[in-house]
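Treat the numbers as computed from the prediction; the structure is a model and nothing was measured.
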Amino acid sequence: MYNILEEQTEEKYEENLAELKVNILEGIKELIEEISNSYETVSDQAMEHIHANEIIMTIGRSRTVEAFLIEAFGKGKRRNFQCIVAEAAPGCGGREMAKILAEEGIETTLIPDAAIYAMMARVNKVIVGTHSVMANGGLLAQAGTHILAQAAKYHSVPLMVCTALYKLSPMYPADNDLELRSPAEILPFEEIAGPMADVNVINPAWDYIPPELVSLFITNTGGHNPTYVYRLLAEFYHPEDNE
């Protein structure tokens with residue numbers, strides 16, 4: 001977006017900036033189109049990364065990953081594979097994900113998060129979505145993803161991240177505070193009584209996954225190694241955007 005604004009040495013509030021408005025609207029339109037087409041552009045690459053008879057593991061529900069897996073399966077006419085879905089408690093979006101994949105005809109197994117390590121030994125690759133991609137090549141993803149990434153690393157299973165580049169952020173992990181969700185997702189308020197009233201409940205929204213646990217980013221412009229993120233940042237962000 002930095003090319004929308006021209007550097008000016010002096011602010012002139014009396015100027016008519018009609019051209020600036022046009023440029024901003026064009027930039028917004030491009031961003032809306034990129035977001036609208038992101039599922040399709042990412043899932044178009046599914047056949048390059050998923051092969052016959054593989055066992056894929058994912059966690060929770062990501063619409064990008066959902067579209068990616070369904071495109072690869074193609075009603076059984078393209079790639080036959082199995083999918084293991086960790087439920088991602090406490091929200092348990094993996095249950096909805098498992099239901100959708102099963103309805104498409106994909107052989108699907110739903111597991112609790114505690115079984116991730118036990119099941120990883122039979123997995124060929126892990127595919128997850130993300131909330132944002134950090135400047136160092138790491139990512140913020142739904143809580144529970146870090147455990148999945150560590151298990152994949154331990155068993156030498158590649159971890160792929162499906163994401164559109166509009167999720168690319170110039171921020172670093174240290175720039176982010178821990179975001180918390182409602183504790184009621186873990187301990188309903190009506191159950192807080194007696195000794196339970198003194199229990200602290202922490203419900204993180206996101207996990208940080210360092211770049212060394214990520215094998216590949218599958219984006220709307222192709223596959224990229226985590227070490228290439230700094231080049232993408234240079235294309236999408238002006239240095240002044242980070243100030």
Side-chain angles (χ1 to χ4, degrees), residues 31-32 35-36 38-39 42 56-70 83-103 108-120 126-153 159-211 213-214 217:
L31 181 59
I32 291 174
I35 294 173
S36 300
S38 61
Y39 297 151
V42 173
I56 311 294
M57 183 178 283
T58 189
I59 185 169
R61 187 188 179 193
S62 162
R63 288 180 174 81
T64 309
V65 174
E66 175 189 316
F68 191 83
L69 295 174
I70 291 174
C83 189
I84 299 174
V85 183
E87 65 177 358
C92 297
R95 298 178 186 179
E96 180 66 19
M97 181 73 157
K99 176 183 176 183
I100 292 170
L101 296 180
E103 288 175 346
T108 306
T109 302
L110 179 66
I111 62 171
D113 300 340
I116 287 175
Y117 265 100
M119 299 294 290
M120 187 60 70
V126 173
I127 301 177
V128 298
T130 182
H131 173 66
S132 62
V133 180
M134 312 300 288
N136 66 337
L139 57 125
L140 286 181
Q142 67 177 334
T145 306
H146 189 258
I147 296 174
L148 180 66
Q150 285 184 317
K153 184 73 171 181
L159 184 143
M160 301 178 179
V161 181
C162 292
T163 181
L165 289 179
Y166 72 84
K167 293 188 177 182
L168 185 63
S169 168
M171 300 181 70
Y172 287 85
D175 300 328
N176 285 272
D177 296 326
L178 179 64
E179 181 180 341
L180 300 177
R181 295 190 185 278
S182 171
E185 295 181 2
I186 298 176
L187 183 64
F189 293 125
E190 57 269 19
E191 295 183 14
I192 300 177
M196 293 301 293
D198 297 323
V199 174
N200 294 318
V201 179
I202 299 177
N203 185 16
W206 315 111
D207 270 349
Y208 167 67
I209 294 86
L213 298 182
V214 179
F217 286 104

Look only at the side chain of Ser62 and the backbone of Val65, and say whether a donor-acceptor pair between them is shorter than 3.5 Å. yes
Check for a donor-acceptor pair, side chain of Asp207 on one end and backbone N or O of Gly144 on the other, with a separation under 3.5 Å. yes
Would you say [X] and [Y] make side-chain contact, with heavy atoms under 4.5 Å?
| X | Y | answer |
| --- | --- | --- |
| Thr58 | Glu66 | no |
| Thr64 | Ser38 | no |
| Thr163 | Val42 | no |
| His131 | Lys167 | no |
| Ile147 | Asp113 | no |

Please test Met196 against Glu191 for side chain to side chain contact (heavy atoms under 4.5 Å, CB included), starting from the C-alpha separation and ending with a verdict. CA-CA 8 Å; Met196 293 301 293; Glu191 295 183 14; over 6 Å; no
Looking at Ile202, I want to see if its CD1 is surrounded by more than 12 non-hydrogen atoms of other residues, nucleotides or ligands under 6.0 Å.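 Open.
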Please say whether more than 12 non-hydrogen atoms of neighbouring residues, nucleotides or ligands are located less than 6.0 Å from CD1 in Ile100.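 Buried by this count: over 12 neighbours within 6.0 Å.
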Atom of His146, atom of Tyr208 and distance for their closest heavy-atom approach: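 What the structure gives for the nearest pair is CD2-O, 3.2 Å.
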Taking all non-hydrogen atoms of both residues, which atom of Gly138 and which atom of Phe217 are closest, and how far apart?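 Scanning both residues, the minimum pair turns out to be O-CZ, 4.4 Å.
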Walk me through whether Ile209 and Leu148 qualify under side chain to side chain contact (heavy atoms under 4.5 Å, CB included). CA-CA 10 Å; Ile209 294 86; Leu148 180 66; over 6 Å; no
Pairwise distance CG(Leu213) to OG1(Thr145) - rounded to 0.5 angstrom: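 One gets 11.5 Å once the value is rounded to the nearest 0.5 Å.
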Chi angles and distances behind the side chain to side chain contact (heavy atoms under 4.5 Å, CB included) call for Thr108, Met97: CA-CA 10 Å; Thr108 306; Met97 181 73 157; over 6 Å; no
Testing Glu185, Arg181, Glu179 one by one against Asn203 for a side-chain hydrogen bond (donor to acceptor under 3.5 Å, both in side chains), which residue passes? Glu185
Audit row: Cys162, Ile127, side chain to side chain contact (heavy atoms under 4.5 Å, CB included) steps and yes/no: CA-CA 7 Å; Cys162 292; Ile127 301 177; 3.6 Å; yes
